[in-house]
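Have a look at the structure below before the remarks.
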Amino acid sequence: MSVDSTEVPNVLVVEDEMLLRMRAVDIVEDAGFRSVEAVNADEALSILESRSDISLLFTDIQMPGSMDGLGLAHAVHARWPPIKIILVSGQVKPATIDIPADSRFHGKPLEAKEMIAEIQSMIGHV
């Protein structure tokens with residue numbers, strides 16, 4: 001199925017470690033979406049304030065800066081409710097009650113096939 005490039009959803013990938021960010025970007029692009037990269041929550045919020053075409057936030061929980069990924073997820077959920085959220089971490093496993101409604105959590109290391117299916121199901125494009 002070919003998708004018109006103007007209709008391809010954008011996924012904001014927030015990860016402070018370059019190699020992990022590159023892997024997440026590969027997963028997003030393998031799922032058929034465009035990625036937008038940020039290294040921390042402050043950069044991610046700046047991107048979200050300047051664009052209205054982000055469909056999904058894919059963020060690590062543990063990051064340096066003024067807020068971690070969990071704080072970012074709650075800020076995004078409050079300000080931009082339509083944006084879907086996937087949280088990932090290799091060390092922290094938040095309780096379901098601690099993540100925004102309709103968000104998903106995945107532990108690292110990420111399983112590419114599982115993540116691709118999750119992103120596609122959340123955004124609604126295949």
Within a strict 4.5 Å, meaning less than it, do heavy atoms of the [X] and [Y] side chains meet?
{"X": "Ile83", "Y": "Ser55", "value": "no"}
{"X": "Val88", "Y": "Leu110", "value": "yes"}
{"X": "Phe105", "Y": "Thr96", "value": "no"}
{"X": "Phe58", "Y": "Leu12", "value": "no"}

Arg23 vs Glu15, salt bridge (Lys or Arg N to Asp or Glu O under 4.0 Å): CA-CA, chis, key distance, verdict = CA-CA 10 Å; Arg23 174 151 166 71; Glu15 169 64 69; over 6 Å; no
Which pair of non-hydrogen atoms, one from [X] and one from [Y], has the smallest distance, and what is that distance?
{"X": "Met67", "Y": "Ala41", "result": "CG-CB, 3.3 Å"}
{"X": "Ser35", "Y": "Glu29", "result": "OG-OE2, 2.9 Å"}
{"X": "Gln62", "Y": "Ser89", "result": "OE1-OG, 3.9 Å"}

ask   = Given Leu87 and Ile85, is the side-chain contact (heavy atoms from CB on, under 4.5 Å) satisfied, shown in steps?
value = CA-CA 6 Å; Leu87 293 145; Ile85 300 168; 4.1 Å; yes
message = Does this structure show an ion pair linking Glu118 with Arg104, if we count only N-O contacts that are shorter than 4.0 Å?
response =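 Here Glu118 pairs with Arg104 in a salt bridge, since their nearest N and O are under 4.0 Å apart.
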key: Residues Glu17 and Lys108 bridged, charged N to O under 4.0 Å   =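 No, this pair does not count.
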Out of curiosity, [X] [atom1] to [Y] [atom2], how far, rounded to the nearest 0.5 Å?
{"X": "Leu45", "Y": "Ser50", "atom1": "CG", "atom2": "OG", "value": "11.0 Å"}
{"X": "Asp42", "Y": "Met63", "atom1": "CG", "atom2": "CE", "value": "9.0 Å"}
{"X": "Asn10", "Y": "Asp53", "atom1": "CG", "atom2": "CG", "value": "4.5 Å"}
{"X": "Met122", "Y": "Leu57", "atom1": "CE", "atom2": "CG", "value": "9.5 Å"}
{"X": "Arg51", "Y": "Ile47", "atom1": "CZ", "atom2": "CD1", "value": "7.5 Å"}

Derivation of the side-chain contact (heavy atoms from CB on, under 4.5 Å) call for Trp80 and Ser52 = CA-CA 9 Å; Trp80 299 281; Ser52 60; over 6 Å; no
task = Report the C-alpha distance between Leu56 and Val28 in whole Å, list the side-chain angles of each, state the deciding distance to 0.1 Å, and finish with yes or no for side-chain contact (heavy atoms from CB on, under 4.5 Å).
result = CA-CA 10 Å; Leu56 186 139; Val28 166; over 6 Å; no
ask   = Considering the options Val39, Asp60, Val76, Leu72, which one meets the side chain to side chain contact (heavy atoms under 4.5 Å, CB included) requirement together with Val14?
value =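 Going through the options one by one, the only one that passes is Leu72.
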ask   = Of the options Ile116, Ile27, Ile119, which is the one that meets Phe33 in a side chain to side chain contact (heavy atoms under 4.5 Å, CB included)?
value =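 That would be Ile119.
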ask   = Between Asp16 and Asn40, do the side chains contain an N or O donor and an N or O acceptor separated by less than 3.5 Å?
value =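 No pair is found: no donor N or O on one side chain lies under 3.5 Å from an acceptor on the other.
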request  = Determine whether Ile99 and Val13 fall in the same hydrophobic cluster, where Ile, Leu, Val, Met, Phe, Trp and Tyr are linked whenever their side-chain heavy atoms lie under 4.5 Å apart.
outcome  =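 No.
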key: Step-by-step salt bridge (Lys or Arg N to Asp or Glu O under 4.0 Å) determination, Arg21 to Glu37   = CA-CA 8 Å; Arg21 188 171 62 251; Glu37 299 176 46; 3.1 Å; yes
Worked check of side-chain contact (heavy atoms from CB on, under 4.5 Å) between His106 and Ile86 = CA-CA 7 Å; His106 289 273; Ile86 294 178; 4.0 Å; yes
